[in-house]
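Order of the sequence lines sets the chain letters (A, B, ...), proteins ahead of strands, with each chain counted from 1. Because the structure is a prediction, the values reported are computed rather than measured.
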Amino acid sequence: MQKQAYGRLMRQFFLLYLGIGLFGMVLVTLDNIFIGGLSLDYLLQFNLKAVSVQVISLAVIFQIITLLRLRPLKHFLHKPEDTGLKAVWLRLIQFPGEMFRGMIIFGWVAAPLFHLATLWAAGLQFNDLEQKHLWSLTKSFLFEQTLVLILAILLYTMIRRLLRPMIISLPSESLKEFPRATFLRPLVVSFISLMLITILSPAIYVFRILSEKEAINPWLMLSISGFALFFAVTVFLLLVWQFRDELQVLIRGILSLLEGDRLWLHRRVPIMSQDEVGRLGIAFNQLQEHIAKEYEHVQRDMQLAFKVQQRLLPKTRHQMGNYQVAAICEPAKEVGGDFFDIIELNEECFAIVIGDVSGNGMPAALIMSAMLVLLRTEIRGGGTAGEVLTRLNRAAVDTLQGDMSVTLGIGIFDKGKSTFEYAGAGHMSPYMLRGEKVTEVPCPSFPLGIAKEEVYKQVVIPLNTGDRFVFYTDGVVEALDKQGEMLGFQGFERCLSGLVRTTVVEKQLGALVEQLPKGGGNEDDRTIVMVQYRQQDVK
Amino acid sequence: MGMEKELALKEVVKQGFYLLCLTGDITKTSGEFLLTWRNWEEGLGSDIHSFILDFSKVEYINSAGIAALLRLLRSLPEERYRTGCFGLNYHYEKLFKMVGLTRYLRIYPAEQAAMEGLQEEGLDKAD
């Protein structure tokens, strides 16, 4: 697979070199026709054949250089353990610049040598040249240098593009140190090169006019300038887009972290350059590593907190004489602010308590634990459900200091008198299910922690055989479905009326939970406690 | 509902009514914003006799938001203002009753009804 990737890359390189060579050939031909004044027939007879051979030779030479310079990559792909990643990565990062510099040096050295060799072959000295020939020589030299610059910048841009997927595929995330560079350098070099191309292209035409003493063709000059400008802008944009793409990879990573995407916690961004973008990538990877460790640490703590919180709550199934109790308590996060309790007060009475601390997560969980302890103390002090709440509220106002509030409902079932006594502190009114009828047990009042002077009252309902009571928190009625529709009180009442009263309470609760909407994105803690009185006929 | 909608507040004062239009969600964070938006304990101004909350552009109110509303209404100088609201759906109307908010806040179906209702209440008190 790796062997194939390397082979494919080398084929792409050869095609690139051929393409760039052909592009150079087109430029030479256009120069010969429009500026040199040669006919296409003449060029087809001799020049084009010679230039074609040169293009193929150039592509072969470049291919050999590429094969030699990218040898570490080949070794790495075959045997990663034997080749240092950093060396391969650096070679890939630096290769486009090497080719650019190589091409420029070749242009500077080869062109003067060629012209000197031509003079020498003609038996002429540089001092023997007339003004006209000097203009012509200058024009040729400038054309060659401009051509080399065009091909070099094109080569640099296209090689960077070609190597990018290979650089991304390398496990460069582990890189932390490498020779530093600045993105200003390639940017400034590219900018200057492209500016030179834009200026030199029409200048070559001017030199030709000066040497041949011809009249200026303004349309031709405008076309040359326009073409040079178009080329420069295109190549510059390609380079800038490459920088932008590298930055976008980083931006995507940071945004994913902000969205709390857990998958990204263990992903690292590839390092694609030695410059500031590459260093930003390293800083991002180190930050992500740090966050991942912290996150895992917090997760462990939260899991522990969840276990502790669950231990504070009673079992979810209870049988208290003729009363069957079933409950669920699902926090939206690892820990939550919802709670319930089943407390045996004496031989005759037991209490069902349900509560919800405003907010969720760890702060709510801490308040919930404190409230549960306070409640268990106060409820043992005796009195009606309302009196218990009144005492509890005074303690809550002092404890919460106006920062949070708690809604709470206490239902006391008297087995001897067969009554249900309920008092609520701003909590969702429980429902009584008698036969097919679903009735709310209203008891409006402030949540705990709001007003110290509040006196809570209770309602007492005589029980009939088969009566069921449902206590719940706001997370149940405010659950959203995938379309964003809230269940609401009416929706919840419909769910309750559909429950099969002849089945055991645990099954009824299971059926109720099944009907609750999910996936609406507003996950809140959910708690439901269901009590059924005298279930002698239950199947 | 995935993302919490930021709460925006706009006050309109007309004919002795102080109308507070709420837009967005009322949660713990926005509830704190609401409570610190102005010094409610100082009152609403000498010419104001009624305070009306417009919930018609509120989509979601959680338990912490309800607690914040309770605190706001309790922090207003006692007996100085008649208070009402409109724009609540069935769900929140019911919820407001459960948490005792209706002890402070009369619920009306619309702005005009709220203004007329509170005006009448004032006349009844004066009688």
Would you mind telling me which of A:G488, A:S445, A:C443 has the largest number of heavy-atom pairs within less than 4.5 Å of chain B?
-> A:S445
Portion of A:A425 that has a non-hydrogen atom of chain B nearer than 4.5 angstrom = neither
Does some side-chain heavy atom of A:P447 sit less than 4.5 Å from a side-chain heavy atom of B:L70?
-> yes
Approximate separation, where rounding is to 0.5 Å, of B:K28 NZ and A:S405 OG = 8.5 Å
Can B:H91 and A:Q490 be said to form a side-chain hydrogen bond (donor to acceptor under 3.5 Å, both in side chains), step by step?
-> CA-CA 8 Å; B:H91 178 84; A:Q490 287 162 315; over 6 Å; no
Please tell me if the side chains of A:F446 and B:R74 come closer than 4.5 Å, counting only heavy atoms from C-beta onward.
-> yes
For B:I61, is it the side chain, the backbone, both or neither that has a heavy atom under 4.5 Å from a heavy atom of chain A?
-> backbone
For B:Y104, is it the side chain, the backbone, both or neither that has a heavy atom under 4.5 Å from a heavy atom of chain A?
-> side chain
Proximal component of A:T407, with respect to chain B [non-hydrogen, under 4.5 Å] | neither
Kindly check if the number of other-residue, nucleotide or ligand heavy atoms within 6.0 Å of CZ (A:R494) is above 12?
-> no
Neighbour count >12 (heavy atoms, 6.0 Å) for atom CD, A:E453 = yes
Using a cut-off of 6.0 Å, state whether more than 12 heavy atoms not belonging to B:R106 lie near its atom CZ.
-> no
Atom OG in B:S63, atom NE2 in A:H427: separation rounded to 0.5 Å?
-> 10.0 Å
Heavy-atom pair with the smallest gap, counting every atom of A:G426 and B:V99 | O-CG1, 3.3 Å
Is the number of heavy atoms from other residues, nucleotides or ligands under 6.0 Å of A:E440 CD greater than 12?
-> yes
Option passing side-chain contact (heavy atoms from CB on, under 4.5 Å) with A:S429 (candidates B:M98, B:K94, B:K97) | B:M98
Inter-residue atom distance A:M428.CE - B:L95.CG, 0.5 Å rounding = 4.0 Å
Around A:D398, counting heavy atoms of other residues, nucleotides and ligands shown, do more than 12 lie under 6.0 Å from its CG?
-> yes
